[in-house]
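Notes for the one structure printed next.
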Amino acid sequence: MPNVKQKIGNTITTAKRYWSNPAKDNYVPYKEIVSLGLAGFGVHWTTTLATVIGLDAANFLVGASIGLKPLDLSIMLIVANIIGIPLGIFRGWFYDNHKMKGGKFLPFLKICPFPIVLISTVFVWLPFENWDYITKAIVVEIFFIIISFVLSIYNDSFAYIQQIVSPNAQERATVMSISQIIFSLAPSITNLVIPTIAGLTWGLNNIKTYRIIYPAFTVVGLIVSLVFFRHVKERLILPKKKIEYISIIDSIREVSKNKYFWIINSAAWIGFLEGAYYVVLSWSFVYAFNGEKAAQLGIANTVVGNASLWSMLLAPLFIKKFGKRNLLIGCNLLNILLFAILYFSYKNLLMICVLMFLNNFINTFGNIYLPNINADMRDYHQWKTGVRVDGIFISFGVIGTVIGFFTGLVLPSIYEYMGVKDNYDVLYNDVIRNNLFHVLIICSIIGAVLNVIPYFFYDLTESKHKGYVHVLKIRAMFEDYGCGALDDDELQQGMDIIHTAAEYKKSGKKEVDKSALAAAKAMPKSSANEQLKRKEAIREAKADIKRQIRMNKEMDSMPIVIEELEKFSTRRYELKLEAAEKIVELGPVYFYEDAKGELKSARALPKGTKEEREIRSDAIALARSKMTTVKLINKYGYDYIKKPDEAEKEEIQRRETEGIADALKARRDLKAYVKAASVYNRAVSVYENAQSLLTQAENYSHLSDIEKLYNEIYIQSASVSV
């Protein structure tokens, strides 16, 4: 009992200490973690109604309540996805090229809840019961497209804010774990309350439930989210004065080279069948036993949902112990085993609940490791390309949308083939329902197997990611030094990394010395005083061993840092600098007449070694960028390609218009300005990239000056304080 009290006391003390200021080497104070969790609670309730408006055969609202057929819903989903493609591309482009007041994603989290609550509430109050089938289908389609657009912005922003709340991957996992424990209460409450009330009133297959019960949750969620998002911050590692324009074409080309992007997304694309089993729990309660168990679905959902609490608590520890990739593979393999057991026991309601509990426990780990894997992939992309993009990954999701046109037809086709069409009451028939479950579980096994295969090729380890983040910090430090914007914290972090890298280069990883622990254990323990001294010596020895292990893990990331610091002395960067100097001499807008020849020559370069492949890739990328400039000059002419005047855009935006004609003219002028700015930025990207490389090389040459500044601030001040 004293130990328990002491641990509780220590926890409270720690919480107080780091409530407003984060612990050493961390970024997020406890107050912000709690705020993120409570804001997420609000997000879940805000979208409670909107997320049940889906074009899915298993959807109680549009399927069973409104009465749309499974295959019709699939076709409607395809149409909505086609319309959503340009909207998704625009959304991604806007994220990366417009920095709104308050951050990159936070402003959307404060704007989007209002239309989500309003539109979803209006939708369920429409008189569907008085309309013919075609009218219902058209109205559902229109509302779904509108809701999906706003909901996508809201959900993407919330997902991204969790991924950039800290650049420290392990801290990010801990933040996600704690915050998700808090906001998981939202679905736990709705999964208990809504089905229970629905079972005692109109039921989940009656639209009255969605008109009365759901809107109350959404309004409360809106208020909660707006209150607590005020305490959440974004933390991207970027130079302070760096303003980047990102061409969507160039971004797509770079993303296409990101192997981790393909691994992560291909797993989702080919593993689409894994979720086929989802309906087994809800349909068993609603339709088995002649519907007598429907009111108990809320209790079952609550019990099953409780499994997520334990996996969220354990996720940071498991990630630290096994790594994200290994944890993901392990969870998928366990899921395959659970599906196999479910195949032989899907007629037993208790076994379904037990297996769903275990499945939810395993799957909830994905709520932590998948966002972290995606965040690691984006950090890797920033390290690889030198440009931070987030939205372009959304735009690239068009591939998944197109694939979904075909994969989305599979399950509805199975439903209809097995007898579930416009009348869902056939699921009260045990034979039809059980045969359908039989097929769906087999589909889930196939999907789980396909989902795990790509991750055997995923090698972005925790050490590699830490190295990439270290490099991003170093680059930002050098750039901010070059433009006079370097602050003390940034200087200290950057130089600490460089000093650790120098130590690693000098002596490498050191073998963990356990001699002190052995000596401590050999100490006498006859008297109480000797036992106390022995216990204290063992404690100190173990702490020292942990420190050595922690230092060695830190050393694992240092080769990437050393490679960065020494890159300008390699043959690859010597060639890049030579090319950059020639480009800068030619000026911002130049007609590279031999760009096609350069591309041909670049493709003919040797690619036997890693360095040769990198040199060849650099030459091909440079030649393609020059060809883009040539195409733009040929298309628009030299006179059109000029640096836009920011004052011109501000004048258009401030312009007072009278009538529709003036408003349309202002819109045309702004559109013309944006187009001219886009053409200019794309045309001079070769020059700008070359100039940036030369500037970076110049900044890196001032390492000794930065070291001197560091010594003046930290070493001398430490001596004075002593």
Side-chain angles (χ1 to χ4, degrees), residues 81 84-85 88-89 91-93 95-96 152 156 159-160 163-164 169 246-275 323-333 335 366-408 410 446-465 467-469 471-472 560 603 607 610 613-614 616-618 620-621 624:
N81 285 337
I85 287 174
I89 293 173
R91 189 170 80 249
W93 172 82
Y95 274 138
D96 288 333
S152 295
D156 287 340
Y160 279 128
Q163 295 175 22
I164 62 173
I246 305 161
S247 164
I248 192 168
I249 301 299
D250 290 340
S251 296
I252 287 175
R253 183 179 290 121
E254 291 300 330
V255 168
S256 68
K257 299 176 185 177
N258 189 327
K259 65 178 181 179
Y260 300 119
F261 169 83
W262 293 110
I263 290 172
I264 294 167
N265 285 277
S266 63
W269 296 336
I270 66 176
F272 68 96
L273 285 173
E274 186 172 359
K324 294 183 282 291
R325 170 193 179 267
N326 295 336
L327 181 59
L328 182 150
I329 291 174
C331 287
N332 273 271
L333 295 177
N335 262 340
N367 293 350
I368 309 298
Y369 63 64
L370 279 176
N372 272 280
I373 285 173
N374 274 281
D376 290 354
M377 180 263 291
R378 288 174 173 81
D379 290 338
Y380 161 82
H381 187 82
Q382 185 181 354
W383 166 83
K384 183 79 173 175
T385 65
V387 177
R388 179 74 192 195
V389 292
D390 293 288
I392 193 63
F393 291 101
I394 298 172
S395 301
F396 229 83
V398 168
I399 298 172
T401 301
V402 174
I403 294 172
F405 293 162
F406 305 99
T407 58
V410 176
I446 295 171
V449 171
L450 293 175
N451 179 264
V452 74
I453 290 173
Y455 281 100
F456 286 103
F457 302 95
Y458 182 90
D459 62 353
L460 181 51
T461 63
E462 278 66 25
S463 294
K464 281 185 178 180
H465 173 259
Y468 299 147
V469 172
V471 168
L472 294 178
I560 294 173
R603 285 173 172 164
K607 49 182 177 179
K610 178 186 176 182
R613 288 192 294 273
E614 290 174 339
R616 180 177 179 272
S617 177
D618 292 338
I620 290 173
R624 282 176 173 166

Side chains of residues 448-461: which donor-acceptor partners sit under 3.5 Å, not counting sequence neighbours?
{"residue": "Asn451", "atom": "ND2", "partner": "Ala267", "partner atom": "O", "Å": "3.1"}
{"residue": "Asp459", "atom": "OD1", "partner": "Tyr260", "partner atom": "OH", "Å": "2.5"}
{"residue": "Thr461", "atom": "OG1", "partner": "Lys464", "partner atom": "N", "Å": "3.2"}

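Take Asp618 and apply the side chain to side chain donor-acceptor pair (under 3.5 Å) test, not counting sequence neighbours, and it matches Arg572. For Glu614, there are no side chain to side chain donor-acceptor pair (under 3.5 Å) partners, not counting sequence neighbours. Residues forming a side-chain contact (heavy atoms from CB on, under 4.5 Å) with Leu333 (at least two apart in sequence, or on another chain): Ile329, Ile336. Legend: residues meeting side-chain contact (heavy atoms from CB on, under 4.5 Å) with Arg613, ordered by chain and number and at least two apart, are Lys607, Lys610.
When side chains are defined from C-beta on, Asn258 counts as touching Met377, because their heavy atoms get closer than 4.5 Å. In this structure the side chain of Phe261 never reaches within 4.5 angstrom of the side chain of Tyr380, judged on heavy atoms. Ile264 places none of its side-chain heavy atoms less than 4.5 Å from the side chain of Leu370. Contact check for Cys331 versus Leu327: side-chain heavy atoms found under the 4.5 Å cut-off.
With rounding to the nearest 0.5 Å, the separation of CD1 in Ile164 from CG in Asp379 is 10.0 Å. Rounded to the nearest 0.5 Å, atoms CG (Leu472) and CD (Gln382) are 4.5 Å apart. A distance of 4.5 Å separates CD1 of Ile560 from OH of Tyr468, quoted to the nearest 0.5 Å.
Annotation for Ser266 and Trp262: closest pair OG-O, 2.6 Å, computed over non-hydrogen atoms.
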